[in-house]
Protein chains: 2
Amino acid sequence: MARSSLTRDEVLDAAASLVKQRGPAALTMRGLAAELGTAVTSIYWHVGNRESLLDALVERTVQEMGAIRPVGRSPAERILSVARILRRELRERPHLIAMVHERGLTERMFLPAQQALVHEVHAAGLRGARAADAVRAVQFQIVGFLLVERNRERSPAQSPAESELWDPAAAPHDPGLARALARPADPERLFLLSVRALVTALLATAPTAPG
Amino acid sequence: MARSSLTRDEVLDAAASLVKQRGPAALTMRGLAAELGTAVTSIYWHVGNRESLLDALVERTVQEMGAIRPVGRSPAERILSVARILRRELRERPHLIAMVHERGLTERMFLPAQQALVHEVHAAGLRGARAADAVRAVQFQIVGFLLVERNRERSPAQSPAESELWDPAAAPHDPGLARALARPADPERLFLLSVRALVTALLATAPTAPG
DNA sequence: ACCTGAACACCGTTCAAGT
DNA sequence: ACCTGAACACCGTTCAAGT
């Protein structure tokens with residue numbers, strides 16, 4: 001009955017499409033075989049086993065995260081643009097990014113972005129260990145924020161809701177604050193606000209560092 | 001053969017101990033039953049099913065994250081101490097925290113910390129929406145950083161290693177920077193440095209906010 | 001070189017039956 | 001009220017056998 005031409009790339013494509021749509025848990029070897037119209041065991045011939053199939057998908061994703069082209073008039077603005085670009089790219093493939101993360105390849109995936117950050121931090125006048133700290137702080141900030149943000153999206157039904165946590169009675173001395181915390185956070189705004197604040201503080205130490 | 005006195009709490013204790021030591025994937029209903037010396041099906045009588053068993057463990061963890069007692073002489077210092085305390089508590093139960101996170105209860109778990117942050121930000125002179133932004137920015141920063149940090153620990157063998165990524169040839173104009181990035185990051189230091197920078201910038205906008 | 005079905009050792013869960 | 005073993009429908013993986 002053997003269908004003649006199953007290739008490794010076909011297997012990877014079908015697997016990637018499954019993972020993109022419904023997450024890695026939805027990728028079963030039997031389901032994938034059904035999708036491809038082959039016997040389960042054929043897949044093993046092409047990709048080894050489930051684990052190395054996932055590894056291959058992750059490898060692909062790391063390659064796809066191409067070079068970053070920062071835009072803006074100042075180093076701070078260009079760093080902000082890097083943050084924005086990364087946010088968009090990460091949000092386009094949430095499942096795959098999570099898998100990259102699980103395999104500890106986040107760092108390698110962010111190398112192009114890291115190099116862009118190095119360039120900008122350098123242009124802002126930071127050097128040596130201080131520049132390295134700034135680059136890493138921004139990188140951790142961006143990646144960390146996106147991890148938290150994604151978690152929030154994945155579970156929209158919080159219990160108790162934020163609005164219960166922060167009813168006016170909870171902070172009687174500042175109802176405006178309570179109201180603001182009761183409203184859902186605007187992640188994009190908070191993201192840019194946070195990165196801007198961090199970058200401002202980090203670059204402020206720049207111009208020929210004090211002893 | 002029925003062993004007489006299996007209780008729900010015994011089941012939860014045994015499950016928690018398994019998860020703490022070897023992660024949720026190591027918690028199988030059959031393994032847990034063996035640990036407890038009962039039939040698998042007894043567990044179902046006490047906790048429903050695997051999913052609600054995990055839910056119960058998560059609920060416990062959320063409760064355990066007790067009140068936060070900030071220390072320090074200024075709001076900024078006390079916020080830093082909150083960051084330090086959270087870091088320690090989260091690092092003591094990594095698997096359970098990850099499960100809290102997966103279930104989207106991070107926010108609820110951080111309520112005590114959030115209230116402490118509200119207090120400090122308020123003491124620093126921020127009010128209303130601006131105060132809310134500051135609280136959330138710091139909260140996202142702390143949680144995000146710890147997620148990234150934990151990921152790094154889980155996968156110590158990066159490929160390629162940072163030292164390969166940043167050999168002197170990669171940044172010939174600033175060998176000190178290349179050397180710093182080639183060295184492994186010191187997470188505790190980077191964590192405090194980042195939070196301090198962010199807090200500095202956020203609180204700088206405080207004293208009776210400009211139009 | 002590539003595909004196949006049968007079989008193995010695992011899962012979580014249900015259920016009728018015990019006491 | 002609480003415990004039990006048998007059975008079901010899933011997994012990933014191996015292997016001997018086909019072409």
Side-chain angles (χ1 to χ4, degrees), chain A residues 1-61 95-96 98-100 102-103 154-155, chain B residues 1-61 95-96 98-100 102-103 154-155:
Chain A
M1 214 36 65
R3 79 194 275 295
S4 52
S5 61
L6 184 64
T7 66
R8 183 183 155 91
D9 271 339
E10 275 183 284
V11 175
L12 291 184
D13 286 342
S17 139
L18 261 170
V19 168
K20 270 188 193 160
Q21 288 169 43
R22 307 182 24 236
L27 176 66
T28 69
M29 301 303 268
R30 286 174 155 87
L32 183 56
E35 190 87 3
L36 288 165
T38 46
V40 204
T41 41
S42 302
I43 298 175
Y44 282 85
W45 196 90
H46 285 288
V47 299
N49 56 23
R50 184 172 186 274
E51 199 53 30
S52 45
L53 168 56
L54 292 179
D55 286 346
L57 293 183
V58 161
E59 188 55 38
R60 257 200 192 183
T61 306
H95 293 307
L96 285 169
M99 287 165 58
V100 171
E102 275 160 25
R103 280 162 180 71
R154 221 170 7 176
S155 49
Chain B
M1 212 37 67
R3 79 194 275 292
S4 53
S5 61
L6 183 65
T7 66
R8 181 183 156 89
D9 271 339
E10 275 183 285
V11 175
L12 290 184
D13 286 342
S17 139
L18 260 170
V19 168
K20 269 186 195 161
Q21 287 169 44
R22 309 182 21 237
L27 176 66
T28 69
M29 302 301 270
R30 288 174 155 87
L32 182 57
E35 191 86 3
L36 288 164
T38 47
V40 204
T41 41
S42 302
I43 298 175
Y44 282 83
W45 196 91
H46 285 288
V47 300
N49 55 23
R50 185 172 185 273
E51 199 51 32
S52 46
L53 169 56
L54 292 179
D55 287 346
L57 293 183
V58 162
E59 189 54 37
R60 256 199 192 184
T61 305
H95 292 307
L96 286 169
M99 287 165 57
V100 171
E102 276 161 25
R103 280 162 181 70
R154 219 166 13 171
S155 50

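Each chain gets a letter, A, B and so on, in the order the sequences are listed, and its residues count up from 1.
- Using a 4.5 Å cut-off on side-chain heavy atoms (C-beta onward), T38(B) and V11(B) make no contact.
- Of the candidate nucleotides dG12(D), dC3(D), dT13(C), dC3(D) has the atom lying nearest to any side-chain atom of S42(B).
- Toward the 5′ end of DNA chain D lies the nearest nucleotide of G31(A), the other residue of the pair G31(A) and G48(A) mapping further downstream.
- Partner assigned to dT14(D) is dA6(C), using Watson-Crick or G-U wobble distances below 3.5 angstrom.
- The side chain of T28(A) places no N or O atom within less than 4.0 Å of a non-bridging phosphate oxygen (OP1 or OP2) of dC10(D).
- A donor-acceptor contact shorter than 3.5 Å is absent between the side chain of Q21(B) and the backbone of L18(B).
- In this structure, the CZ atom of R50(B) is 22 Å from the P atom of dA9(D), given to the nearest Å.
- The side chain of T41(A) sits closest to dC15(D) out of dT14(C), dC15(D), dC2(C).
- Counting to the nearest Å, the P atom of dC11(D) and the CG atom of N49(A) are 17 Å from each other.
- Atom CG of D55(A) is separated from atom P of dG12(D) by 15 Å (rounded to the nearest Å).
- If you check every strand for non-hydrogen atoms under 4.0 Å, L27(B) touches sugar and phosphate atoms only.
- Across every strand in view, dT19(D) sits in a pair with dA1(C) that passes the Watson-Crick or G-U test at under 3.5 angstrom.
- Of the candidates L53(A), D9(A), L6(A), H46(A) forms a side chain to side chain contact (heavy atoms under 4.5 Å, CB included) with just one, namely L6(A).
- Considering only heavy atoms from C-beta on, T61(B) stays 4.5 Å or farther from M99(B) through its side chain.
- At a threshold of 4.0 angstrom between heavy atoms, the contacts of I43(A) with the nucleic acid are absent.
- Taking the side chain of A39(B) as heavy atoms from C-beta on, and the options dT13(D), dT13(C), dT4(D), the nearest nucleotide is dT4(D).
- Distance CZ/R103(B) to CG/L57(B): 8.5 Å, rounded to 0.5 Å.
- In this entry the distance linking OH of Y44(A) with P of dA7(C) reads 18 Å, nearest Å.
- For L6(A), the side-chain atoms get nearest to dC3(C) when compared with the rest of dT13(C), dG12(D), dC3(C).
- For the OP1/OP2 pair of dC3(C) and a distance below 4.0 Å, the side-chain nitrogens and oxygens of H46(A) include at least one atom meeting the criterion.
- Distance from the side chain of W45(A) is smallest to dC3(C) among dT13(D), dG12(C), dC3(C).
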